[in-house]
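Report on the structure given below.
Whatever order the structure lists them in is the order used to number ligands and atoms, beginning at 1.
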Amino acid sequence: MSAWRVERPGPIATRPLRRVTLPIPEPADDEVLIRVRACAVCRTDLHLAEGDLPPHRPGTVPGHEVVGTVERLGAGVSDPVVGDRVGVAWLRRTCGTCRYCRRGAENLCPGSRYTGWDADGGYAEFCVAPAAYVYRLPDGYADDEVAPLLCAGIIGYRALRRCELPPGGRLGVYGFGGSGHLAAQVAIAEGATVHVVTRSRAARELALSLGAASASADGPPPEPLDAAILFAPVGTLVPPALAALDRGGTLAIAGIHLTDIPPLHYAEHLFQERRLCSVTANTREDGRQFLDLARRHRLRVSVTGYPLAEADTALADLAAERFRGAAVLHSTTA
Ligand SMILES: [Zn+2]
Ligand SMILES: [Zn+2]
């Protein structure tokens with residue numbers, strides 16, 4: 001099969017992804033083999049390709065927003081079944097026995113494994129995944145529309161829950177790419193007023209068309225915020241985003257990687273019970289809740305398609321913010 005892997009992490013201009021031919025993987029007893037139909041491109045893939053996140057194993061195939069059909073079952077698998085459309089996401093496995101897993105916080109499991117980091121992902125024609133960690137997908141979305149829901153959507157949803165936006169509250173969204181444009185729609189559907197801050201003019205236009213109350217290139221938003229989510233991996237945005245919070249507001253940082261945060265000033269950025277929190281992956285329950293929400297509220301998913309053969313171009317375009325919404329790779333054999 002055709003696939004891409006991270007040969008040697010480095011700046012995207014050095015083309016760290018290499019196109020290779022690999023054997024079709026064999027599912028373990030508790031895994032399924034999936035024929036990949038679409039795989040969305042996440043900023044985490046860029047962090048892995050560029051080495052911001054150190055490789056967990058050499059030559060791993062990235063891609064953790066995978067939509068495909070079950071082609072073959074491992075010996076111990078009865079659900080899903082062959083032919084089912086399923087999704088594979090970032091959280092690949094957890095131990096199930098540690099203190100975090102036992103209290104429903106499997107996203108914090110120290111033994112967790114990740115698709116496209118610890119095991120080969122979806123920048124390929126086929127992949128394998130543990131049956132207990134694949135998702136059933138909502139009908140009514142094409143393969144390329146549902147793919148970005150699997151990380152951009154689920155993580156955005158967890159970030160929205162972590163920032164504890166009160167009902168009818170005012171939400172700031174900093175950075176408006178794959179994740180931001182989905183989280184904003186969920187918030188708006190739930191009655192929030194959403195203010196978007198993003199450098200990209202195309203993203204600002206998209207934000208307004210999706211119902212954002214304002215969209216600006218830089219802050220502060222036109223009114224104090226009850227909560228905010230930082231999607232852009234830019235630490236210098238943390239102080240202004242905290243300063244834009246109203247009393248008691250929370251800023252959630254959605255990314256897995258962030259550039260350094262400048263010194264904070266207690267009175268200006270934190271006093272009056274403002275809070276700063278991170279978002280670490282997601283639980284399967286977050287994924288199920290979000291996909292169920294996507295089933296009930298038809299989300300508009302902004303997609304820019306690329307053939308699988310152009311995965312490196314898609315990553316370079318993500319680095320340069322050359323498209324809006326989410327990039328999605330299409331397998332040529334699909
Ligand atoms: Zn665990
Ligand atoms: Zn991701």
**salt_bridge(Arg15, Glu7) N-O dist < 4.0 Å** =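 Salt bridge absent between Arg15 and Glu7.
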**Message:** One thing to verify: whether Asp120 and Arg57 come together as a salt bridge, which I'm taking to mean a side-chain N less than 4.0 angstrom from a carboxylate O.
**Reply:**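 Counted as a salt bridge, because a side-chain N and a carboxylate O are separated by less than 4.0 Å.
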**Request:** With 2.8 Å as the limit, jot down which protein N, O or S atoms are around the Zn ion (ligand 1).
**Result:**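 Result, waters dropped: Cys95 SG, Cys98 SG, Cys101 SG, Cys109 SG.
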**Item:** Check: Arg35 side chain, Gly83 main-chain N or O, donor-acceptor pair, under 3.5 Å
**Value:**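 Checked: no pair found.
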**Request:** Determine yes or no for a side-chain-to-main-chain donor-acceptor pair under 3.5 angstrom, with His181 supplying the side chain and Gly178 the backbone.
**Result:**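 Side chain of His181 to backbone of Gly178, a donor-acceptor pair under 3.5 Å: yes, one is there.
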**Item:** Beyond-backbone contact of Thr193 with His195, side-chain heavy atoms, under 4.5 angstrom
**Value:**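 Result yes, sub-4.5 Å side-chain heavy-atom pair found.
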**Degrees at the Zn ion (ligand 2) between the NE2 atom of His64 and the SG atom of Cys151, nearest 10°** =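 About 120° at the Zn ion (ligand 2).
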**Message:** Students often mix this up, so state it plainly: with edges at 30° and 60°, are the rings of His64 and Trp90 parallel, tilted or perpendicular?
**Reply:**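 Ring orientation, 0 to 90° scale: tilted.
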